[in-house]
Amino acid sequence: MKLTIAVLPGDGIGPEVTREAIKALKAIAVAFDHQFSFPSALVGATAIDATGDPLPQKTLELCNSSDAILFGAIGHPKYDNDPTAPVRPEQGLLALRKELGLFANIRPVKAYDMLLHHSPLKQDRIQGTDISIYRELTGGIYFGKKQLNEAGTEASDLCVYTKHEIERIAHLAFQAARTRKKKVTLVDKANVLESSRLWRKVVTELAKDYPDVTLDFLFVDNAAMQLILNPKQFDVILTENMFGDILSDEASVIGGSIGLLASASVGGDIGLFEPIHGSFPQATGKGIANPIASILSAGMLLTHFGLRKEAQRIEKAVEKALELSVTTPDLNPANTLITTSQVGDFIEDFILNPHDSNVNFQNIHLGQSTII
Ligand code: IPM
Ligand code: MN
């Protein structure tokens, strides 16, 4: 298959983790005889520095003329502590999601057996967890009208949803549940919010089209607790934009590191694939950022194009890296030797030589190249 993949490395650790995902995709292209190209463009704080705009027109044009987008991370501390900044890096990502119509953000959460001991949660609670979060991505409080009065003493963000916006992501969530454990949990705050009551009404009605899927409901405060108490009760979680943002960071604790959580944003013609973690500015350039979330996002990109065997090779390579502790310090605190790019080298090598990884593991410890 021939694919043009626009690469938007963004800020902080974005470029370093994205580099490793490209490495994995290039190895897949060699192993499975595909042709992938990787034109890149600026986004976020890096783009503001260069052009004054977090999503320059050139970047948007590149995205629109590509088959998919591989996104790194966005954000810079100089904006976080300046509430008066006229432009913010995050606006680049939000505008991109909106422009491309990426209304569904899919975030898989899995407890890997070999990492159970890394989670601060009790092993028997999390073992076997396999959740797919369907987060609405282009509506709600993120995109509603924002206001600040002239005195700067009163502010508001409007949370708006339409029936259509709810239906289109709900269909995707139910369809996904059909291929899984056939359960959808709608997370909302219907005891307080009008917009949540609309979600309940619309999703309850739509569920009649999927009689083989069980639908249940949780208020978001309870859902936050249940995710930690008993995550195995969940299959597909369907929720609005901000609840999904918060719950997916919380859910990453189950996997042992936020550095493992990948995501796919779909809905328009062009999908965007990105790790859920942020730009982790303190780690920039240190070689300690975990590239696995970015590499697994590349795997989701392959699945999106029906390249399941290729995606499975990436997933297998990641599992092997985790099994052999070829991991960055977030998952391997005692080890300071294995860097972001060494994890990427190992995964690249496994993709090219899936039966040879033990030898390469030793090479990594010797600091040698693993590329044969
Ligand atoms: C995410 C991020 C973004 C969001 C930020 C960077 C705007 O936290 O993708 O989860 O809130 O959606
Ligand atoms: Mn987030």
Side-chain angles (χ1 to χ4, degrees), residues 6 8 10 14 43-44 54-55 59-60 63-64 68-75 88-109 131-146 157-177 184-189 193 195-196 198-199 202-203 206 220 223 236-252 258 261-279 293-294 296-297 300-301 303-304:
L8 272 47
V43 75
L55 179 64
T59 301
L60 191 57
C63 292
N64 273 317
I69 302 161
L70 187 65
F71 195 93
I74 211 158
R88 318 186 67 79
E90 289 79 4
Q91 288 163 351
L93 179 56
L94 298 178
L96 194 57
R97 289 171 176 170
K98 195 74 172 177
E99 286 281 341
L100 299 177
L102 303 171
F103 62 80
N105 182 228
I106 306 157
R107 300 187 159 185
V109 178
I131 305 172
S132 191
I133 299 178
Y134 274 66
R135 167 189 177 195
E136 202 290 327
L137 203 59
T138 51
I141 198 165
Y142 272 60
F143 291 93
K145 190 168 181 192
K146 299 182 183 309
D157 300 270
L158 197 60
C159 181
V160 186
Y161 270 110
T162 64
K163 182 170 183 246
H164 168 69
E165 285 173 321
I166 298 166
E167 278 175 345
R168 61 187 182 179
I169 183 167
H171 277 300
L172 295 184
F174 276 90
Q175 282 157 17
V184 171
T185 303
L186 175 65
V187 173
D188 62 28
K189 187 75 185 168
L193 302 178
S195 54
S196 282
L198 183 65
W199 272 82
V202 170
V203 173
L206 179 142
V220 63
V236 173
I237 292 178
L238 168 63
T239 192
E240 61 99 73
N241 202 344
M242 188 154 77
F243 296 160
D245 179 45
I246 297 168
L247 292 180
S248 53
D249 267 35
E250 186 195 7
S252 75
I258 197 168
L261 255 67
S263 87
S265 302
V266 299
D269 294 335
I270 302 151
L272 181 148
F273 302 84
E274 59 169 326
I276 86 150
H277 62 69
S279 57
S294 184
L296 288 174
S297 301
M300 292 185 85
L301 182 157
T303 301
H304 181 73

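In this text the structure is predicted, and so the values were computed from the model without any measurement.
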- prompt: Looking at side-chain heavy atoms only, is the closest gap between Val43 and Ile74 below 4.5 Å?
  reply: yes
Taking side chain as C-beta onward, heavy atoms only, is Met300 less than 4.5 Å from Ile106? yes
So do the side chains of Val187 and Leu238 get within less than 4.5 Å of each other, counting heavy atoms only? no
Under 4.5 Å between any side-chain heavy atoms of Leu272 and Phe71, yes or no?
yes
Separation between CG (Leu55) and CD (Glu99), nearest 0.5 Å, reads 7.0 Å
With sequence neighbours left out, the residues meeting ring pair (Phe, Tyr, Trp, His ring centres under 6.0 Å) with Phe273 are His304
Shortest non-hydrogen pair, Pro275 vs Ser294, comes out as CB-N, 4.0 Å
**Asked** Does the pair Tyr142 and Asp245 meet the rule for a side chain to side chain contact (heavy atoms under 4.5 Å, CB included), with working shown?
**Response** CA-CA 11 Å; Tyr142 272 60; Asp245 179 45; 3.0 Å; yes
Output for pair (Ile166 CD1, Asp188 CG), nearest 0.5 Å, gives 10.0 Å
Check: Is Lys189 close to Phe243 at the side-chain level, that is, under 4.5 Å between some pair of heavy atoms?
Finding: yes
For side chain to side chain contact (heavy atoms under 4.5 Å, CB included), just list the numbers for Ile258 and Ile276, CA-CA rounded to whole Å, side-chain angles, deciding distance to a tenth of an Å, and then say yes or no. CA-CA 7 Å; Ile258 197 168; Ile276 86 150; 4.0 Å; yes
Could you tell me whether the side chain of Phe103 reaches within less than 4.5 Å of the side chain of Glu165, counting heavy atoms only? no
(message) Closer than 3.5 angstrom, by distance alone: can the side chain of Arg135 be matched with the main-chain N or O of Asn241 as a donor-acceptor pair?
(response) yes
Q. Is any side-chain N of the basic residue among Glu274 and Arg97 closer than 4.0 Å to the acidic one's carboxylate O?
A. yes
On a heavy-atom basis, the closest approach of Leu261 and Pro108 is CG-O, 3.7 Å
CG (Leu96) and CG (Leu102) are apart, to the nearest 0.5 Å, by 6.5 Å
More than 12 heavy atoms from other groups under 6.0 Å of NZ on Lys163 = no
#### Entry: Beyond-backbone contact of Phe174 with Val203, side-chain heavy atoms, under 4.5 angstrom
yes
Side chain Lys98, main chain Thr138, donor-acceptor under 3.5 Å: yes
Rounded to the nearest 0.5 angstrom, the CG-CG distance for Leu100 and Asn64 is 5.5 Å
What one should report as the nearest heavy-atom pair of Val109 and Ala251 is CG1-O, 3.5 Å
The side chain to side chain donor-acceptor pair (under 3.5 Å) partner of Arg107 among Ser132, Ser265, Ser248 is Ser248
When rounded to the nearest 0.5 Å, the distance separating OG1 of Thr239 from CH2 of Trp199 is 6.5 Å
Any non-hydrogen side-chain atom of Tyr134 less than 4.5 Å from a side-chain atom of Asn105? no
Does the pair Cys159 and Met242 meet the rule for a side chain to side chain contact (heavy atoms under 4.5 Å, CB included), with working shown? CA-CA 10 Å; Cys159 181; Met242 188 154 77; over 6 Å; no
d(Leu198 CG, Thr162 OG1) to nearest 0.5 Å is 8.0 Å
### Message
If we ignore hydrogens and angles and just use 3.5 Å, is the side chain of Glu90 paired with the main-chain N or O of Leu93 as donor and acceptor?
### Response
no
